[in-house]
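Residue numbers start at 1 and run along the sequence shown.
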Amino acid sequence: KRLMSVDEPALSESNLADAEQWADHPLAHFLAAAWRNTVRSFSRQRAHYETLSEVDGVFRELIEHASESSERLAGSMLIRTHGSLLAASSLALSGQVAESYAMMRNSLRSALHGVFLAGDAERQRIWVARADDDQAAERMRVTFGNGPMLRHLRELDTATAGIYERLQQRTIDR
């Protein structure tokens, strides 16, 4: 499947007339400005873009290999983490830096969920059943509270837990 390039028209000629009615709409102007800012960010912040591209590449490799794993739920959290990181990056590159922090916080939280879910059948069962009823929802809230998940991460790797906590705090403070 071929992806559309960034300079390729997104609309066929038959749809162009329909799209022209939106050309003067404030939302269209906002989205066009966001795209222009993103393109400017690519050229002005080349080193940052290259680093972001490397991180994206690592995520894509991890996701590809996760499809071969029996850890499907943790793998889905990996996909959510990557998606939130891409959304945060898109917001930041387009000039919406403050708004990007909420998505980065979501990315961190999804990653922590994935680590907490991996290899634990009981936690996976609680997560999957969270919408079954009020008791299941409460069990999920207690089990997946920040305290238990962070303790688990500390048990796995204290250095990574410290990094997580600093990044999490930065997304809250900003």
Min side-chain heavy-atom separation W35-R40 under 4.5 Å: no
Kindly work out whether a path of hydrophobic side-chain contacts (I/L/V/M/F/W/Y, heavy atoms less than 4.5 Å apart) joins I126 to V142. no
Side chains of D56 and H82: donor-acceptor distance under 3.5 Å anywhere? yes
Can you name the nearest heavy-atom pair linking R154 to A161, along with the distance? CG-CB, 3.5 Å
Using only heavy-atom distances, determine whether the side chains of R80 and N106 contain a donor-acceptor pair under 3.5 Å. no
Return the minimal non-hydrogen interatomic distance between S100 and A88, and the atom names on each side. CB-O, 3.2 Å
Inspect the contact between E122 and R139 and indicate whether a charged nitrogen and a carboxylate oxygen are less than 4.0 angstrom apart. no
Examine the side chains of S94 and Q96 and answer whether a donor and an acceptor come within less than 3.5 Å of each other. yes
If the condition is side-chain hydrogen bond (donor to acceptor under 3.5 Å, both in side chains), which residues does T160 pass it with, not counting sequence neighbours? D157
Would one find more than 12 heavy atoms of other residues, nucleotides or ligands at under 6.0 Å from atom CG of D134? no
Over all atoms of both residues, closest heavy-atom pair of A87 and M103: CB-CE, 3.8 Å
Any link between V115 and V128 through a network of hydrophobic side chains (Ile, Leu, Val, Met, Phe, Trp, Tyr) touching at under 4.5 Å? yes
Any chance you could measure L117, atom CG, to T143, atom OG1, to the nearest 0.5 Å? 10.5 Å
Separation of L167 CG from M104 CE (nearest 0.5 Å): 8.0 Å
Can you tell me how far CD of Q169 sits from OH of Y164, rounded to the nearest 0.5 angstrom? 11.0 Å
Can you measure from CZ (R72) to OG (S67) and round to the nearest 0.5 angstrom? 7.0 Å
Residues that D132 engages under salt bridge (Lys or Arg N to Asp or Glu O under 4.0 Å), provided they are two or more places apart: none
Are M140 and F116 grouped together when hydrophobic residues (ILVMFWY) are joined by side-chain heavy atoms under 4.5 angstrom apart? yes
From CD1 (I163) to CG (L153), nearest 0.5 Å: 9.5 Å
Under 4.5 Å between any side-chain heavy atoms of V39 and L93, yes or no? no
CZ (F144) and CG (L112) are apart, to the nearest 0.5 Å, by 10.0 Å
Among the clusters formed by ILVMFWY side chains lying less than 4.5 Å apart, do L150 and L108 turn up in the same one? yes
Kindly give the heavy-atom pair with the smallest separation between A66 and G75, and that separation in Å. CB-CA, 4.4 Å
Apply the test side-chain contact (heavy atoms from CB on, under 4.5 Å) to residues L85 and V55: give CA-CA distance (whole Å), side-chain angles for both, the deciding distance (0.1 Å), then the verdict. CA-CA 10 Å; L85 176 66; V55 171; 3.7 Å; yes
Can R170 be said to sit on top of Y101's aromatic six-ring, NZ or CZ under 6.0 Å from centre and within 45° of the ring axis? no
Is the shortest side-chain N to carboxylate O distance from E64 to R60 below 4.0 Å? no
Minimal heavy-atom distance between G114 and A74, with the atoms involved, is O-CB, 3.7 Å
What do the steps show when you test Y49 against R46 for side-chain contact (heavy atoms from CB on, under 4.5 Å), and what is the final call? CA-CA 5 Å; Y49 176 77; R46 192 72 184 157; 3.8 Å; yes
Could you check whether atom NE2 of H48 has more than 12 heavy atoms from other residues, nucleotides or ligands sitting under 6.0 Å from it? no
Test T81 against R109 for side-chain contact (heavy atoms from CB on, under 4.5 Å), laying out the working first. CA-CA 8 Å; T81 300; R109 185 75 173 178; over 6 Å; no
Decide side-chain contact (heavy atoms from CB on, under 4.5 Å) for D24 and H29; before the verdict, give the C-alpha distance in whole Å, the side-chain angles of both, and the deciding distance to 0.1 Å. CA-CA 7 Å; D24 288 327; H29 285 279; 4.0 Å; yes
Do V58 and L78 share a hydrophobic cluster (ILVMFWY, side-chain heavy atoms under 4.5 Å, transitive)? yes
